[in-house]
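Let me begin by presenting the structure, written as structure tokens, before commenting on it.
Per chain, numbering begins at 1; letters A, B, ... match sequence-line order. Below, all heavy atoms of this structure are taken into account, side chains as well, without hydrogens, waters or symmetry copies.
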Amino acid sequence: MAGLAKARPAGGVAPERPPTARQLFGALPRRRPSGPPGTLLALRTPLPGRIRTLLVLASVAVPLLVWLVLGASGAVEPRFLPAPGAVWTAGVEMARSGELVTDAWATVRRILYGYGLGVAVAVPLGVAMGSFTAARSALEPVSGLLRYLPAAAFTPLLLIWLGIGESPKIALIFIGTVFFNMLMVADAVRQVPLELVNVSYTLGARRGEVLGKVILPYALPGIVDAVRVNFAAAWGLVVVAELVNSQEGLGKRILLAQRFTQTDKIFAILVVIGLIGVTADVALRITRDRIGRWVP
Amino acid sequence: MTGLLELVGVGREFPRRGRAVPALTDIDLRIARTSFVCVVGASGSGKSTLLSLVAGLDRPSSGEILLDGNPVLGPGPDRGLVLQSGAVYPWRTVERNVAFGLELLRIDRAERARRVAWYLEETGLTALRSALPKQLSGGQRQRVAIARALACEPDVLLLDEPFGALDVQTKEDMQLFIRRVWRDTGTTVLMVTHDVEEAVFLGQRVVVLASDPGRIAADITLELPEERELAIKRTPEFLELRARVEDLVRTFHQHAG
Ligand SMILES: Nc1ncnc2c1ncn2[C@@H]1O[C@H](COP(=O)(O)OP(=O)(O)O)[C@@H](O)[C@H]1O
Ligand SMILES: [Mg+2]
């Protein structure tokens with residue numbers, strides 16, 4: 001600044017200034033503005049409620065309609081694709097004979113045991129991994145590796161180790177979900193801001209109190225979310241387990257139906273599996289939203 | 001008179017690329033009971049490091065820190081800490097945030113409610129007692145953090161740029177607020193900020209921190225009236241003090257530009 005002022009000649013002639021950026025560079029090309037976004041394709045914008053409901057309904061109705069039309073037209077053999085009516089009848093028949101309830105309960109029970117056990121193990125270990133570097137170093141590499149071993153490939157081993165009762169099925173669900181849950185719970189715990197932990201110490205909290213009164217409540221919605229996401233994997237595994245060896249269960253019922261080419265029965269069972277799964281998912285989602293009411 | 005809080009030859013080094021780089025060196029500071037001391041310095045001059053050391057969240061590499069003559073060995077409710085982000089518990093209501101320290105002390109319910117009510121009233125949060133932090137404005141959240149720390153009856157309240165994220169109007173409200181709370185509670189305040197005007201307005205004493213490594217460049221006792229209103233910021237005495245401190249901060253700021 002001072003240098004410039006001094007350089008100005010007494011006569012008042014404008015001093016030599018270096019060219020401005022505008023003078024130095026040519027003008028940039030201008031792009032046509034992108035215009036106001038349409039409602040339907042605007043990125044991450046809420047849609048009007050009516051359009052949303054419409055889209056949700058269509059996503060269910062359109063495949064159903066295609067199925068109805070294909071079934072009615074006879075374009076596809078019922079052996080491959082039974083008509084919706086036939087599936088409904090098969091489902092009602094199974095329900096009436098009581099086998100549907102027995103099978104569904106057998107399957108659900110296996111999930112409750114196997115997945116419940118997995119969650120009971122994964123949550124404490126995951127919290128430890130997320131809270132203590134020592135636990136993380138000890139557990140993360142192993143669980144990260146084991147997670148990539150396909151659980152279904154363990155079925156023969158489990159049969160050799162545990163025999164043919166309920167235990168190999170429960171163990172399969174456990175193995176197939178516990179590592180995912182551990183890592184995801186640990187991630188949820190690591191979201192806790194360090195500042196929150198430090199401030200808690202200055203308010204007089206001991207380590208255990210920080211864990212129980214700060215880290216756990218903060219991570220709880222994330223933990224429930226992890227449990228909800230991995231629940232879907234448990235469903236996939238239980239059906240695989242039942243295909244191999246069992247007396248009852250929805251997977252077993254599918255295998256039996258296949259033996260007699262009862263495609264309508266298979267479809268009915270698939271629908272039941274889907275419905276139970278969605279119900280569980282919605283229940284967990286509601287739980288999460290209630291627990292996480294405080295989340296900004 | 002010996003201070004309530006004493007820092008004697010305090011230094012803190014951090015390892016950086018295999019070398020120990022000092023963030024703070026030779027900090028000698030004596031803070032009297034019930035005083036209001038502001039530390040100003042450019043960003044990176046070690047202000048947060050200083051408060052972490054006093055809070056006991058970090059240990060000095062050299063020297064020692066004494067509170068009432070006893071060495072500081074770890075964090076505790078006798079040194080309440082308020083950060084720029086507030087760090088309130090988002091799942092707890094305002095009331096239960098303020099009650100946190102008292103819950104840990106197992107104070108009986110009636111006594112706890114009595115104390116919480118006093119601090120809510122003092123900080124103007126009574127009407128918001130059942131609100132969740134996500135429903136609060138930035139200034140209200142800082143009030144919660146301050147009330148939560150004060151409810152533990154700290155010997156010294158440590159404030160780390162507590163109003164740094166607020167807009168100017170809210171910031172001035174909060175400055176008046178913290179002066180009032182300081183007088184009403186009789187606590188001692190050690191506040192760090194990079195805002196010179198704020199430091200001169202709030203403090204009875206302003207300590208200027210030089211950067212690289214952080215060290216004390218000046219320690220100025222302010223001759224301003226004890227009753228301070230915002231209008232004081234326009235008086236010649238204030239402006240002169242402010243200019244003096246600003247010059248000091250600029251002189252000792254190494255990486256200007
Ligand atoms: N945990 C840490 N590890 C390494 N260096 C740190 C750490 N904390 C602070 N520092 C360094 O110490 C110096 C002072 O930082 P800080 O106290 O945060 O400054 P201020 O709060 O005044 O902005 C900075 O150079 C910073 O990089
Ligand atoms: Mg800082």
Side-chain angles (χ1 to χ4, degrees), chain A residues 1-4 18 21 46 123 126-127 130-133 185 187-228 284-296, chain B residues 48 51-58 72-94 96-107 130-136 141 144-160 162:
Chain A
M1 289 297 181
L4 261 181
V123 170
V127 169
S131 309
F132 305 103
T133 317
V185 168
D187 262 343
V189 169
R190 270 193 291 271
Q191 300 297 313
V192 180
L194 195 59
E195 285 189 346
L196 217 55
V197 172
N198 280 339
V199 158
S200 305
Y201 283 124
T202 72
L203 291 167
R206 308 276 169 80
R207 204 166 18 160
E209 289 167 330
V210 171
L211 206 58
K213 283 176 153 271
V214 181
I215 292 182
L216 271 185
Y218 192 99
L220 199 56
I223 292 175
V224 175
D225 240 6
V227 168
R228 177 177 73 80
L284 282 167
R285 204 185 286 258
I286 291 171
T287 312
R288 192 223 101 104
D289 287 349
R290 289 192 141 238
I291 291 175
R293 223 190 303 241
W294 53 266
V295 176
Chain B
S48 297
L51 279 201
S52 288
L53 292 172
V54 175
L57 293 168
D58 191 11
V72 164
L73 299 173
D78 50 350
R79 285 148 294 133
L81 179 64
V82 176
L83 303 170
Q84 179 171 336
S85 68
V88 295
Y89 303 115
W91 63 93
R92 285 178 168 247
T93 58
V94 167
R96 296 204 56 227
N97 260 288
V98 177
F100 187 83
L102 300 173
E103 283 176 21
L104 296 174
L105 288 174
R106 311 251 173 346
I107 306 276
S130 310
L132 283 170
K134 71 170 178 182
Q135 299 164 303
L136 304 180
R141 231 170 293 170
V144 175
I146 291 167
R148 181 181 63 179
L150 286 173
C152 299
E153 292 185 349
D155 290 325
V156 52
L157 183 64
L158 308 170
L159 306 173
D160 190 349

Could you report the tightest heavy-atom contact between [X] and [Y], atom names first, then the distance?
| X | Y | result |
| --- | --- | --- |
| B/Pro77 | A/Gly204 | CD-CA, 3.6 Å |
| B/Leu132 | A/Trp294 | CD1-CA, 3.9 Å |
| A/Leu203 | B/Leu104 | O-CD1, 3.7 Å |

Next on the checklist: Measuring only between side-chain heavy atoms, which start at C-beta, is A/Asn198 closer than 4.5 Å to B/Leu81?
Outcome noted: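 Side chain of A/Asn198 against side chain of B/Leu81, heavy atoms only: no contact under 4.5 Å found.
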
Next on the checklist: With heavy-atom distances below 4.5 Å as the criterion, would you say the side chains of B/Pro90 and A/Tyr218 are in contact?
Outcome noted: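 Yes, side chains in contact.
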
Checklist entry - Checking side chain to side chain contact (heavy atoms under 4.5 Å, CB included) for the pair A/Lys213/B/Phe100: CA distance, chi angles, key distance, verdict? => result CA-CA 9 Å; A/Lys213 283 176 153 271; B/Phe100 187 83; 4.1 Å; yes

With a 4.5 angstrom heavy-atom cut-off, is it the side chain or the backbone of [X] that approaches chain B, or both, or neither?
| X | result |
| --- | --- |
| A/Arg206 | neither |
| A/Val295 | backbone |
| A/Glu195 | both |

Checklist entry - If you count heavy-atom pairs under 4.5 Å with chain A, which of B/Arg148, B/Gln135, B/Glu103 comes out on top? => result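 Heavy-atom pairs under 4.5 Å are most numerous for B/Arg148.
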
Checklist entry - Taking every heavy-atom pair that is under 4.5 Å apart, which of B/Ser85, B/Gly56, B/Ala87 has the most such pairs with chain A? => result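 Of the candidates given, the most pairs with chain A belong to B/Ala87.
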
Item to check | Gap separating the OG1 atom of A/Thr202 from the CG atom of B/Leu51, nearest 0.5 angstrom | outcome: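 The OG1 atom of A/Thr202 sits 11.0 Å away from the CG atom of B/Leu51.
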
Next on the checklist: So for B/Val88, is it side chain, backbone, both, or neither that comes closer than 4.5 Å to the heavy atoms of chain A?
Outcome noted: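 The backbone, not the side chain.
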
Item to check | Partner chain B: residue of A/Pro221, A/Gly292, A/Pro193, A/Ser200 with the largest heavy-atom pair count (under 4.5 Å) | outcome: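 Answer, by heavy-atom pair count under 4.5 Å with chain B: A/Ser200.
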
